[in-house]
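Quick notes on the structure that follows.
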Amino acid sequence: MTRHATFDVSDISKKTMVLATDLDGTFLGGSADQRKGLYDWIEQHRGAVGLIFVTGRDPGFIHDLVRSQSVPQPDYVIGDVGTTIAVMDDKQHVTPIQTLEEHISDAWADAGPQAQFALNGMPGLTLQSTLFRYRLSYDMDPARFDPAAVDKIEALGLDAIISDNRFFDVLPKGVSKGPSLLRLMDHLGIAKERVLVAGDTLNDLSMLETGLPAVAVGGSEPALIAAVTDIDTVYAAEAEGAAGIAEAILHHKLFRTPEGA
């Protein structure tokens with residue numbers, strides 16, 4: 001099936017359910033057949049199923065991913081670990097929603113150079129080459145990493161998130177996937193009980209802690225599973241990636257059986 005051939009631009013707040021999902025290891029995880037099953041089901045029900053990507057990836061990556069027609073087109077995008085809140089139009093352009101990003105811009109100000117200077121020379125951290133608007137991202141070597149890096153960032157009034165035991169993100173205070181998703185939902189008038197959030201690493205934790213119906217897909221980072229064990233709204237799926245999402249749709253009774261997913 002050609003992806004986003006049946007893309008539906010109707011009011012997302014009126015759709016039966018909305019899937020707000022991480023990409024790597026989650027929506028992009030599982031076998032090719034499992035991904036095809038979920039993606040085809042979404043395409044077949046676009047009039048009733050909304051889609052929001054909630055990812056650490058930047059808008060350029062998402063644009064290219066959707067343009068390749070390998071995944072269904074999202075209605076909205078929360079990218080850069082929550083520091084981008086955007087809409088995706090029918091030409092696959094990712095356009096930030098300025099009114100929803102003002103507080104992110106204000107919280108970040110011009111913190112990038114300060115944070116980079118503070119982390120300069122810290123063992124186990126290698127700055128990623130991609131330029132982001134309101135974040136810094138590092139590849140992390142857990143064998144060499146010094147936890148004092150977190151203290152340095154917090155001393156600047158910023159947040160640090162370690163995920164998958166190999167990524168270190170510097171973010172504006174209080175900004176991450178969960179708060180940005182809730183801000184977007186409030187802006188769009190999406191009812192909380194209609195949303196399924198899905199993730200697999202610690203940078204998804206703030207999303208799974210929102211109280212929304214949620215799933216930690218099979219194969220999730222052990223630290224994430226440990227963190228959500230006592231959260232009643234989080235379902236720990238057995239299946240990995242896309243199949244884990246389909247499993248959770250049934251568990252939370254958000255939609256009729258996702259045939260073939």
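Values reported hereafter were calculated over all heavy atoms of this structure, with side chains retained and with hydrogens, waters and symmetry mates removed. Note that this is a predicted model, so its numbers are computed, not measured.
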Quick one, [X] and [Y] - any side-chain contact, counting heavy atoms below 4.5 Å?
| X | Y | answer |
| --- | --- | --- |
| V228 | L205 | yes |
| W41 | F255 | yes |
| D159 | P172 | no |
| P74 | V66 | yes |
| L38 | I245 | yes |
| L51 | Q73 | no |
| I97 | L184 | yes |
| L119 | I153 | yes |

Are S31 and D33 linked by a side-chain donor-acceptor pair shorter than 3.5 Å?
->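 Not at all, the side chains of S31 and D33 share no donor-acceptor pair under 3.5 Å.
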
Do T201 and D164 have side-chain atoms, one donor and one acceptor, less than 3.5 Å apart?
->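 There is no such pair between these side chains.
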
What pairs with Y235 under side-chain hydrogen bond (donor to acceptor under 3.5 Å, both in side chains), at least two apart in sequence or on another chain?
->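 Result, side-chain hydrogen bond (donor to acceptor under 3.5 Å, both in side chains) vs Y235: E247.
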
Can you sort out the partners of R133 under side-chain hydrogen bond (donor to acceptor under 3.5 Å, both in side chains), two or more places apart, ordered by chain and number?
->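 By the side-chain hydrogen bond (donor to acceptor under 3.5 Å, both in side chains) rule, R133 matches T84, E101.
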
Evaluation steps, side-chain contact (heavy atoms from CB on, under 4.5 Å), between V150 and F168 | CA-CA 9 Å; V150 175; F168 184 94; 3.9 Å; yes

Salt-bridge present ([X], [Y]; N to O < 4.0 Å):
| X | Y | value |
| --- | --- | --- |
| K91 | D89 | no |
| D22 | K177 | yes |
| R57 | D80 | no |
| K14 | D11 | yes |

Not counting sequence neighbours, which residues clear side chain to side chain contact (heavy atoms under 4.5 Å, CB included) with [X]? List them please.
| X | value |
| --- | --- |
| E240 | none |
| A20 | I52, V54, L181, V195, V197 |
| S137 | Q128, F132, R135, D169 |

Side-chain ([X]) to main-chain ([Y]) donor-acceptor, under 3.5 angstrom:
| X | Y | answer |
| --- | --- | --- |
| S163 | N203 | no |
| D204 | D200 | yes |
| Q34 | A242 | no |
| S206 | G178 | yes |
| S220 | V217 | yes |
| H187 | L100 | no |

Residues forming a salt bridge (Lys or Arg N to Asp or Glu O under 4.0 Å) with D58, sequence neighbours excluded =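 For D58, no residue satisfies salt bridge (Lys or Arg N to Asp or Glu O under 4.0 Å) once neighbours in sequence are set aside.
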
Could you walk me through whether I42 and L19 pass the side-chain contact (heavy atoms from CB on, under 4.5 Å) check?
-> CA-CA 9 Å; I42 290 172; L19 172 61; 4.2 Å; yes

Full working for side-chain contact (heavy atoms from CB on, under 4.5 Å) between I78 and M207 = CA-CA 11 Å; I78 294 173; M207 185 166 58; over 6 Å; no

Same cluster or not: are [X] and [Y] linked, directly or through other Ile, Leu, Val, Met, Phe, Trp or Tyr residues, by side-chain heavy atoms under 4.5 angstrom apart?
| X | Y | result |
| --- | --- | --- |
| V94 | V71 | yes |
| L156 | L125 | yes |
| I162 | F167 | no |
| L65 | V81 | no |
| W108 | F117 | no |

Any chance you could lay out the side-chain contact (heavy atoms from CB on, under 4.5 Å) test for R166 and D141, step after step, and finish with the verdict?
-> CA-CA 6 Å; R166 61 194 182 103; D141 178 355; over 6 Å; no

Counting only heavy atoms not in [X], do more than 12 sit closer than 6.0 Å to its [atom1] atom?
| X | atom1 | value |
| --- | --- | --- |
| E193 | CD | yes |
| Q98 | CD | no |
| D230 | CG | no |
| K173 | NZ | yes |

Roughly how far, to the nearest 0.5 Å, is OG1 of T233 from CD of E209?
->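 One finds 9.5 Å between CD of E209 and OG1 of T233.
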
OG1-CG distance between T26 and D24, expressed to the nearest 0.5 angstrom |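 Answer for the OG1-CG pair, T26 versus D24, is 8.0 Å.
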
Taking the six-membered ring for Trp, are the ring centroids of F53 and F27 within less than 6.0 Å of each other?
->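 When the ring centroids of F53 and F27 are compared, they turn out to be within the sub-6.0 Å range.
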
